[in-house]
Amino acid sequence: QVQLVESGGGLVQAGDSLRLSCAASGRTFSRYYMAWFRQAPGKGYDFVAAISWDGGITHYADSVKGRFTISRDSAKNTMYLQMNNLKPGDTAVYYCVAGPSIAASRHDYNYWGQGTQVTVSS
C-alpha cells in the first residue's frame, strides 16, 4: 500500500517556475514507477511525465518536454516535478501516481494522490 500527498502548487505568472513534491508513505515506495498527470477544468486526465523505480528512465509529454523535469529521491520517499517557463495552458490539478510499470495511461497506476492546483496567469 502506498499513500501519496502532493504539495507545491500555487498561482504564478507565465514564465515563472514551480516545483511540485509528492511525499509517499509505505515501505515499498522504491519498487514503484511514478508519474504526474494533470486535469484541466472540464477536461480529462493528461499524462505529464513518468519515472522508473530507480530514476534511470524518464518519459515526458511533448507539451512539457524541455520545460519540466521529473525526479525522485528514494531516501526521502519523495518525487518531484520541476516546472519552468510555465504557460497558461499548464493550468490544471496535478496528480502524483504510482504503479507497477512506467506508462502514459492513467489506468496503469494503482495509487493516486489528492492533487495540487497549479494556476498560471498570462
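Residue numbers count from 1 along this sequence.
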(message) Atom NZ of residue position K65 - does it have more than 12 heavy atoms of other residues, nucleotides or ligands inside 6.0 Å?
(response) yes
(request) Would you confirm whether E6, through its side chain, and Q114, through its main-chain N or O, come within 3.5 Å as a donor-acceptor pair? (result) yes
(message) By the side-chain hydrogen bond (donor to acceptor under 3.5 Å, both in side chains) test, which pairs, at least two apart or in different chains, include something from residues 88-104?
(response) R38-D90, R38-Y94, R67-D90
(message) Between T119 and L11 (side chain of the first, backbone of the second, donor and acceptor by atom type, cut-off under 3.5 Å), is there such a pair?
(response) no
(request) Please name all residues satisfying ring-ring contact (aromatic ring centres under 6.0 Å, His included) with Y32, sequence neighbours left out, ordered by chain then number. (result) Y111
(request) May I ask you to check whether W36 and F68 place their ring centers less than 6.0 Å from one another? (result) no
(request) Please report the closest heavy-atom contact between N84 and S17, naming both atoms and the distance. (result) OD1-OG, 2.9 Å
(message) Is it the case that the ring center of F47 lies less than 6.0 angstrom away from the ring center of F37?
(response) yes
(request) Would you check if the side chain of Q82 reaches a backbone N or O of T69 as a donor-acceptor pair within less than 3.5 Å? (result) no
(request) With M83 as reference, evaluate V64, V120, L20 under the side-chain contact (heavy atoms from CB on, under 4.5 Å) test and give the passing residue. (result) L20
(message) Quick check: closest heavy atoms across N77 and G26, and the distance to 0.1 Å?
(response) ND2-O, 3.8 Å
(message) Minimum heavy-atom separation for L4 and V2, please, with both atom names.
(response) CD2-CG1, 3.5 Å
(request) To the nearest 0.5 angstrom, please state how far the CG atom of D16 sits from the OG atom of S121. (result) 8.0 Å
(request) Please answer: with hydrophobic residues joined when any side-chain heavy atoms are less than 4.5 Å apart, are L81 and V12 in the same cluster? (result) yes
(message) Quick check against the 3.5 Å criterion: does Y33 have a side-chain atom that pairs as donor or acceptor with the backbone of V97?
(response) no
(request) Compute whether any side-chain donor of one residue and acceptor of the other, for D73 and T78, lie under 3.5 angstrom apart. (result) no
(message) When you group the ILVMFWY residues by side-chain heavy-atom contacts below 4.5 Å and let the links chain together, are I70 and V93 in the same group?
(response) no
(message) With rounding to the nearest 0.5 angstrom, report the CD1 to OG1 distance, I102 to T58.
(response) 7.0 Å
(message) Between I51 and M79, is there a side-chain heavy-atom distance shorter than 4.5 Å?
(response) yes
(message) Would you say that R106 contacts Y45 through its side chain, given a criterion of any heavy-atom pair below 4.5 Å between the two side chains?
(response) yes
(request) Measure across P88 and A14 and return the closest heavy-atom pair with its distance rounded to 0.1 Å. (result) CD-CB, 4.1 Å
(request) Taking all non-hydrogen atoms of both residues into account, name the closest pair between A103 and D108 and its distance. (result) CB-OD2, 3.3 Å
(request) Starting at CE of M34, measure out to OG of S52 and round the result to the nearest 0.5 Å. (result) 11.5 Å
(message) Which heavy atom of R72 sits nearest to which heavy atom of W53, and what is that distance?
(response) NH1-CA, 3.3 Å
(request) Count the heavy atoms belonging to other residues, nucleotides or ligands that lie under 6.0 Å from CD of Q3, then report whether that count exceeds 12. (result) no
